[in-house]
Student: 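Once you've had a glance at the structure underneath, I'll fire off some questions.
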Amino acid sequence: MKYEHQKIEPVWQKKWEDAGIFHAEENSAKPKYYTLIEFPYPSGQGLHVGHPRSYTALDIVARKRRMQGYNVLYPIGWDAFGLPTENFAIKNHIHPREVTKKNVARFKSQLQALGISFDWSREINTTDPGYYKWTQWIFLQLFKHGLAYKKEMAVNWCTSCKCVLANEEVVNGVCERCNSEVIRKVKSQWMLKITAYAERLISDLDLVNYPDRVKAQQKNWIGRSTGAEVDFTTTTDDTLTVYTTRPDTLFGATYMVISPEHPIIEKLSSVIKNMDEVRTYQEAAARKSDFERTEVAKDKTGVRLDGVEAINPVNGRQIPIFISDYVLVSYGTGAIMAVPAHDTRDWDFAKKFQLPIIEVVKGGEDVQKEAFTDCATGVLVNSDYLDGLSVEDAKKKIIEKLTESGKGRAKVNYKLRDWVFSRQRYWGEPIPIVHCPCCGAVPVPESELPLELPDVESYEPTDNGESPLAKMTDWVNTKCPKCGADAKRETDTMPQWAGSSWYFLRYMDPHNNEALASPEALNYWSPVDWYNGGMEHTTLHLLYSRFWHKFLYDIKVVPTPEPYAKRTSHGMILGENGEKMSKSRGNVVNPDDIVNEYGADTMRLFEMFIGDFENAAPWNSNSIKGCRRFAERFYNLGGIMTNEENIRPELEGVFHKTIKKVSDDIEVLKFNTAIAALMSLINDIYATGSVTKGELRIFTTLISPFAPHIAEQVWSEKALGDGFVSRAQWPEYDESKCVDEEIQIVVQVNGKVRDKINVPVEIDKDGALSLAKSGEKIKALIDGKNIVKEIYVPGKLINIVAK
RNA sequence: GCGGGUGUGGUGAAAUUGGCAGACACGCAAGAUUUAGGUUCUUGUGCUGUAAGGCGUGCAGGUUCAAGUCCUGUCACCCGCACCA
């Protein structure tokens with residue numbers, strides 16, 4: 001028989017589906033294991049070769065767990081709301097629902113052709129009203145708990161999508177999706193108070209098993225800093241509060257800077273003599289996009305407020321106040337005290353505006369030439385009662401003093417900002433809120449959920465920045481659920497991140513109409529045991545979903561404080577030229593072509609063999625052949641099978657070692673070396689000219705998570721066991737059989753390998769040494785020399801140091 | 001600037017606590033079989049040298065009997081954040 005993947009793969013896929021062997025069991029007595037991959041956005045391009053890297057990896061884990069006796073949940077669904085679908089719909093005048101349906105069908109058939117052991121009976125879709133009913137429900141709970149609020153604010157506005165973007169969606173000042181310019185625009189937006197969870201989002205990272213780089217990146221993004229707030233009074237008797245991480249340098253503050261948007265400017269407009277100049281600067285700053293504002297970062301600009309000064313609370317000194325766009329309104333208090341001697345940005349500004357620079361921390365070079373910013377070594381000077389203290393001690397002391405006098409307090413700040421949650425778009429979950437002239441924002445009653453997306457004639461966003469839903473007057477005009485007065489529905493929709501912030505919960509109980517999932521299902525399946533996904537989601541999806549989950553934990557909907565016990569991350573698959581795959585670069589590989597030509601098993605083996613799972617790897621069409629050959633060599637083993645059940649003695653050691661290696665490597669994502677070990681084993685088997693039935697059974701079981709179709713085929717053709725190999729038991733190894741009786745050790749002279757000898761494993765130092773010295777090569781090298789030292793590492797080497 | 005990562009043959013890459021650098025695979029070369037070609041099999045394949053030997057994990061030092069691995073310095077590239085006070 002010849003190995004024909006086109007024939008066997010669809011057969012086994014159908015048999016698996018018919019037998020439902022990958023369905024998670026209800027009410028199972030087995031221990032549970034929940035493996036999760038990031039559900040795909042069903043784009044029009046179809047599956048990318050990057051998708052199977054993650055899916056196959058956790059498929060291997062899921063298949064191994066089933067064979068180890070676990071009740072495994074490995075689900076799949078569609079993150080189907082989103083802009084590309086909507087844009088395609090607009091362009092081609094098709095309803096986004098139809099586009100989604102088509103794309104999902106294509107993705108599904110592509111995934112099924114890969115033989116991933118998903119439980120298709122639990123398939124979900126975020127655009128399904130039965131699903132987004134609960135997305136809306138969660139939003140209402142957030143609203144009721146004061147964590148969803150509406151706010152007039154400057155937002156990121158994509159000029160092409162005509163839509164608000166979250167900070168996370170703006171990359172280098174342009175829209176992450178369409179690369180168009182993003183400008184700032186003041187609009188009323190729904191916000192989610194993720195900042196209320198900032199502290200726990202950091203501290204609870206201790207509860208989970210994530211890679212350090214993921215934890216570091218999340219911490220960095222949340223950006224916790226400790227310092228103090230200090231109240232400065234002004235010559236007009238107003239108060240200006242600043243935030244600083246260096247309260248110890250307060251005596252060195254020689255001016256203040258507030259952001260151009262700071263509200264005190266309006267308050268002081270009658271006092272400020274150069275208001276025209278101030279207004280001009282404010283307008284210029286407002287016109288700048290975030291991008292421009294950071295592009296020209298190094299050149300400081302600003303305007304001094306003429307007619308008002310601030311008073312330093314520790315020494316009563318009057319200092320000028322500037323406005324400058326290097327101070328951000330969105331962080332801290334939107335105002336800073338400037339200490340040019342010890343802050344590089346303040347130093348630049350002071351030099352440009354010829355402001356005094358007073359040294360208050362000694363230890364650096366001349367502060368007139370360069371700011372001294374090191375906190376670890378300096379000693380305080382020119383600072384009254386702080387003189388002589390270290391920076392650390394001075395911080396404590398000044399905060400103490402400020403607190404006593406009521407002029408300041410310790411303060412923690414975060415870079416993380418609240419989540420801009422509304423989008424002026426059609427293809428998203430409607431926000432279930434009614435705006436009533438008397439009652440304000442009123443939640444749609446839960447009994448009326450889902451609030452379905454109405455059909456509209458045109459999905460184009462409007463030029464004034466309103467959602468296409470605003471044109472649907474029949475839908476928009478409604479009654480206030482509270483007082484019955486005429487009211488209007490909220491017309492903004494939720495961002496794509498909404499549906500993906502809780503989808504893993506829905507898989508636990510996907511058809512429930514009474515709750516997002518039953519408490520029993522949540523208790524049994526929570527938390528996700530192993531979640532694999534891309535690094536690009538670390539500060540978006542992963543953070544958002546941790547936030548939602550923590551909120552659901554607080555209101556006692558879910559049983560665990562963290563959603564994912566373990567997170568791992570795959571590297572990208574790059575084009576053959578080492579660049580990111582993209583249409584414009586012409587280096588895209590279509591997974592369908594690979595599956596057709598080489599088969600799903602070869603595709604799976606190749607993607608796992610390609611390199612370190614966590615690092616990026618360039619595609620290499622040549623290497624696929626090696627994996628295909630391996631698959632064929634495995635299939636051909638059937639042709640040299642004998643009917644013995646035992647493992648032959650000469651292969652016993654290598655079999656046990658390989659079982660151990662493959663078992664261990666899967667747990668630590670070393671799929672490449674697991675496959676290498678299997679290749680090596682098959683080479684050893686071929687070297688003997690035959691394979692016993694017992695040996696082939698073990699080999700087939702070991703390879704089955706990687707190449708399941710061909711494994712099933714060999715399992716059934718050679719009658720290796722009952723039913724499916726996918727239901728067989730994972731092989732065990734015997735530690736004592738992993739150790740060889742005779743081993744080769746290396747003999748070094750002065751650290752250089754000169755000889756190799758075979759010794760029994762239990763040999764002692766003297767025995768090994770005398771054996772080593774009896775070799776002709778070694779004899780010649782140490783002859784007539786003084787032996788200074790002899791090192792023996794059992795099982796490894798001997799090193800003779802001779803002079 | 002801050003945080004994280006990478007650097008090893010012609011190529012993708014391996015390498016428990018420091019202990020044989022290059023497993024496994026691709027490619028290449030020679031041979032065998034079959035053939036029209038491919039497939040399959042065997043052998044070889046880090047560089048250098050006829051050989052013995054010498055050299056070799058970005059670069060420069062250091063520790064050690066022994067360093068890809070530890071320490072100090074340095075270069076290059078990649079990813080994330082970035083006027084966050």
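For the numbers below, each heavy atom of this structure counts, side chains included, while hydrogens, waters and symmetry mates do not. Per chain, numbering begins at 1; letters A, B, ... match sequence-line order.
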Student: Would you mind telling me which of B/A85, B/C83, B/U11 lies closest to the side-chain atoms of A/Lys300?
Tutor: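 Selected nucleotide: B/C83.
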Student: For A/Asn615, give me all partners under side-chain contact (heavy atoms from CB on, under 4.5 Å), at least two apart in sequence or on another chain.
Tutor: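 side-chain contact (heavy atoms from CB on, under 4.5 Å) list for A/Asn615, sorted by chain: A/Asp612.
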Student: Rounded to whole Å, how long is the line connecting atom CD of A/Glu632 with atom C1' of B/A25?
Tutor: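 Distance, rounded to whole Å: 15 Å.
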Student: Quick one: is B/C41 close enough that its OP1 or OP2 comes under 4.0 Å of any side-chain N or O from A/Arg633?
Tutor: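 For B/C41, OP1/OP2 do have a side-chain N/O of A/Arg633 under 4.0 Å.
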Student: Report yes or no: is there a donor-acceptor pair, N or O only, under 3.5 Å between the side chain of A/Lys789 and the base of B/U64?
Tutor: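 Looking at the base of B/U64, it does not pair with any donor or acceptor on the side chain of A/Lys789 (distance under 3.5 Å).
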Student: Would you please name every residue forming a salt bridge (Lys or Arg N to Asp or Glu O under 4.0 Å) with A/Arg633, sequence neighbours left out?
Tutor: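 Salt bridge (Lys or Arg N to Asp or Glu O under 4.0 Å) list for A/Arg633, sorted by chain: empty.
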Student: Side-chain N or O of A/Ser623 less than 4.0 angstrom from OP1 or OP2 on B/U11?
Tutor: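 Negative; the distance criterion is not met.
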Student: Within the 4.0 Å heavy-atom criterion, would you say A/Asp612 contacts the bases, only the backbone, or no part of the nucleic acid?
Tutor: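 Result for A/Asp612 = sugar-phosphate.
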Student: Report the nucleotide, chosen from B/C24, B/U40, B/G27, that has the shortest atom-to-atom distance to any side-chain atom of A/Met679.
Tutor: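 The nucleotide sitting nearest to the side chain is B/C24.
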Student: Donor-acceptor pairs are to be reported for all side-chain atoms of residues 208-215 of chain A against protein atoms at under 3.5 Å, with residues two or more places apart or in another chain.
Tutor:
from, atom 1, to, atom 2, distance (Å)
A/Lys215, NZ, A/Leu205, O, 2.9
A/Lys215, NZ, A/Val208, O, 3.2

Student: Could you work out which one of B/C20, B/G12, B/C24 sits closest to the side chain of A/Val753?
Tutor: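 Ranking B/C20, B/G12, B/C24 by closest atom to the A/Val753 side chain puts B/C20 first.
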Student: Rounded to whole angstroms, how far apart are CE on A/Met535 and P on B/C81?
Tutor: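 Rounding to the nearest Å, CE of A/Met535 and P of B/C81 are 11 Å apart.
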Student: Please determine, for the side chain of A/Asn799, which listed nucleotide (B/G19, B/U40, B/C24) has the closest atom?
Tutor: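 When the side chain of A/Asn799 is considered, B/G19 is the closest of B/G19, B/U40, B/C24.
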Student: Hey, does the side chain of A/Asn672 come within less than 4.0 Å of B/G12's phosphate (OP1/OP2), counting only N and O?
Tutor: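 A/Asn672 to B/G12 OP1/OP2: no side-chain N or O under 4.0 Å.
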Student: Looking only at the side chain of A/Asn220 (C-beta and beyond, no hydrogens), which of the listed nucleotides B/U39, B/G19, B/G3 gets closest?
Tutor: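 Comparing B/U39, B/G19, B/G3 against the side chain of A/Asn220, the answer is B/G3.
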Student: By nearest atom, which of the nucleotides B/G80, B/U39, B/C24 is closest to the A/Gln217 side chain?
Tutor: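 The closest nucleotide is B/G80.
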Student: Can you identify which nucleotide, out of B/C20, B/U40, B/A14, has its nearest atom closest to the A/Val746 side chain?
Tutor: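 Given the options B/C20, B/U40, B/A14, the side chain of A/Val746 is closest to B/C20.
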Student: Can you tell me which nucleotide in B/G27, B/A85, B/G4 comes closest to the side chain of A/Leu328?
Tutor: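 So the side chain of A/Leu328 is nearest to B/A85.
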Student: Taking atom C1' in both B/G3 and B/A15, what distance in whole Å separates the two?
Tutor: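 Result for the C1' pair: 29 Å, nearest Å.
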Student: Give a yes/no on whether any side-chain N or O of A/Tyr331 is located under 4.0 angstrom from OP1 or OP2 of B/A85.
Tutor: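 Affirmative; the distance criterion is met.
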Student: With rounding to the closest Å, how many angstrom separate the P atoms on B/A60 and B/U50?
Tutor: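 Approximately 27 Å lies between the P atom of B/A60 and that of B/U50.
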Student: Could you state the atom-to-atom distance from NZ of A/Lys580 to C1' of B/C79 in whole Å?
Tutor: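 Taking atom C1' of B/C79 as the reference, NZ of A/Lys580 is at 11 Å.
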Student: Dot-bracket for RNA chain B, 5' to 3', counting Watson-Crick or G-U wobble pairs under 3.5 Å, with [ ] for crossing pairs and | for inter-strand pairs?
Tutor: (((((((..(((......[....)))((((((.......))))))(((....)))..(((((..]....))))))))))))....
Student: Atom CD of A/Glu614 to atom P of B/U6: distance rounded to whole Å?
Tutor: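 Value for this atom pair: 10 Å.
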Student: Sticking with atom P, work out how far B/G44 lies from B/C26, rounded to a whole angstrom.
Tutor: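 The same atom, P, in both gives a distance of 16 Å.
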Student: Does atom CD of A/Glu370 have more than 12 heavy-atom neighbours from other groups under 6.0 Å away?
Tutor: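 At most 12 heavy atoms, drawn from other residues, nucleotides or ligands, come within 6.0 Å of this atom.
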Student: Which listed nucleotide (B/G19, B/A13, B/C24) is nearest to the side chain of A/Ala676?
Tutor: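 My answer, after comparing the listed nucleotides, is B/C24.
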Student: If the P atom of B/A13 is compared with that of B/U6, how far apart are they to the nearest Å?
Tutor: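 Between the two P atoms, the distance is 13 Å.
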Student: Under the side-chain contact (heavy atoms from CB on, under 4.5 Å) test, which residues partner A/Ala57, sequence neighbours left out?
Tutor: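 In terms of side-chain contact (heavy atoms from CB on, under 4.5 Å), with neighbours along the sequence ignored, A/Ala57 is linked to A/Met608, A/Phe613, A/Phe671.
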Student: Check RNA chain B against residues 601-610 of chain A and give the residues with a non-hydrogen atom under 4.0 Å, in numerical order.
Tutor: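 Those residues are A/Phe609, A/Ile610.
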Student: A/Tyr281 and A/Thr301: side-chain donor and acceptor closer than 3.5 Å?
Tutor: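 Side chains of A/Tyr281 and A/Thr301: pair found under 3.5 Å.
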Student: Once you round it to whole Å, what is the distance between C1' of B/C78 and CD of A/Glu536?
Tutor: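 Distance check: A/Glu536 CD to B/C78 C1' gives 15 Å.
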Student: Taking salt bridge (Lys or Arg N to Asp or Glu O under 4.0 Å) as the test, write out the residues that go with A/Glu735, two or more places apart.
Tutor: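 Only A/Lys660 meet the salt bridge (Lys or Arg N to Asp or Glu O under 4.0 Å) criterion with A/Glu735.
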Student: Heavy-atom nearest nucleotide on RNA chain B for A/Thr673 versus A/Asn622: which residue maps closer to 5'?
Tutor: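 This one resolves to A/Thr673.
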Student: Not counting sequence neighbours, list each pair that qualifies as a side-chain hydrogen bond (donor to acceptor under 3.5 Å, both in side chains) and has a residue in residues 244-254 of chain A.
Tutor: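 Sorted result for residues 244-254 of chain A: A/Arg246-A/Asp248.
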Student: Give A/Val793 one of three labels, base, sugar-phosphate or nothing, depending on what nucleic acid heavy atoms sit under 4.0 Å from its own.
Tutor: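 Contact class for A/Val793: base.
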Student: Under 3.5 Å, is there a donor-acceptor pair between the A/His5 and A/Asp601 side chains?
Tutor: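 Per modelled atom types, A/His5 and A/Asp601 side chains form no pair under 3.5 Å.
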Student: Restricting to pairs with a member in residues 333-344 of chain A, which pass salt bridge (Lys or Arg N to Asp or Glu O under 4.0 Å), not counting sequence neighbours?
Tutor: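 Sorted result for residues 333-344 of chain A: A/Asp343-A/Arg345.
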Student: Tell me if B/G12 is syn or anti. Syn = glycosidic torsion within 90° of 0, anti otherwise.
Tutor: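 In terms of base orientation relative to the sugar, B/G12 is anti.
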Student: Quick one: which residue pairs count as a side-chain hydrogen bond (donor to acceptor under 3.5 Å, both in side chains) with a foot in residues 672-681 of chain A, not counting sequence neighbours?
Tutor: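 Only A/Asp665-A/Thr673 qualify under side-chain hydrogen bond (donor to acceptor under 3.5 Å, both in side chains).
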Student: Using a distance-only criterion (donor-acceptor N/O pair, under 3.5 Å, no hydrogens), is the base of B/C81 paired with the side chain of A/Lys415?
Tutor: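 It does not, because no donor-acceptor pair links the side chain of A/Lys415 to the base of B/C81 below 3.5 Å.
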Student: From the list B/G4, B/A25, B/A85, which nucleotide is the closest neighbour of the side chain of A/Asn683?
Tutor: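 Nearest to the side chain of A/Asn683 among the choices is B/A25.
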Student: Summarise protein proximity over nucleotides 52-57 of chain B in one line of letters, 5' to 3': B for base, S for sugar-phosphate only, - for none, counting protein heavy atoms closer than 4.0 Å.
Tutor: --SS--
Student: Indicate the atoms forming the closest heavy-atom contact of A/Thr195 with A/Asp418, along with that distance.
Tutor: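 Looking at all heavy atoms of both residues, the closest pair is OG1-OD1, 2.6 Å.
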Student: Rounded to whole Å, how long is the line connecting atom CE of A/Met572 with atom C1' of B/G80?
Tutor: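 Distance check: A/Met572 CE to B/G80 C1' gives 12 Å.
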Student: Could you tell me which residues satisfy side chain to side chain donor-acceptor pair (under 3.5 Å) with A/His656, sequence neighbours excluded, listed by chain and number?
Tutor: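 Residues passing side chain to side chain donor-acceptor pair (under 3.5 Å) with A/His656: none at all.
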Student: Rounding to an integer number of angstrom, what distance separates B/A23 and B/A14 when you compare their C1' atoms?
Tutor: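 It comes out at 5 Å once rounded to the nearest Å.
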Student: Tell me whether the side-chain N/O atoms of A/Arg213 come closer than 4.0 Å to OP1 or OP2 in B/G3.
Tutor: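 A/Arg213 to B/G3 OP1/OP2: no side-chain N or O under 4.0 Å.
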Student: Taking the nucleotide of RNA chain B with the closest heavy atom to each, which residue, A/Asn413 or A/Cys627, is nearer the 5' end?
Tutor: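 Per heavy-atom nearest nucleotide, the more 5' residue is A/Cys627.
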Student: Mind checking the P distance from B/U57 to B/G7? Whole angstroms is fine.
Tutor: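 Going atom to atom, P in each nucleotide, I get 14 Å.
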Student: Using a heavy-atom cut-off of 4.0 Å across all strands, would you classify A/Ser225 as base, sugar-phosphate, or nothing?
Tutor: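 It contacts sugar-phosphate atoms only.
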Student: Rounded to whole angstrom, note down the P distance from B/U72 over to B/U63.
Tutor: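 Rounded to whole Å, the distance is 15 Å.
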Student: Counting the atoms with a prime plus P, OP1 and OP2 as sugar-phosphate, which does A/Gln748 contact under 4.0 Å by heavy atoms, base, sugar-phosphate, or nothing?
Tutor: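 Base contact - A/Gln748 has a heavy atom under 4.0 Å of at least one base atom.
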Student: If you define the side chain from C-beta out and look only at heavy atoms, does anything of A/Ile319 sit under 4.5 Å from A/Phe232?
Tutor: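 Touching, per the 4.5 Å side-chain cut-off.
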Student: Could you state the NZ-P distance from A/Lys625 to B/G12, rounded to the nearest angstrom?
Tutor: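 Nearest whole value for this atom pair: 17 Å.
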Student: Answer yes or no on whether A/Lys300 is positioned over the face of A/Phe349, meaning its NZ or CZ is under 6.0 Å from the six-membered ring centre and within 45° of the axis.
Tutor: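 A/Lys300 over A/Phe349 ring: no.
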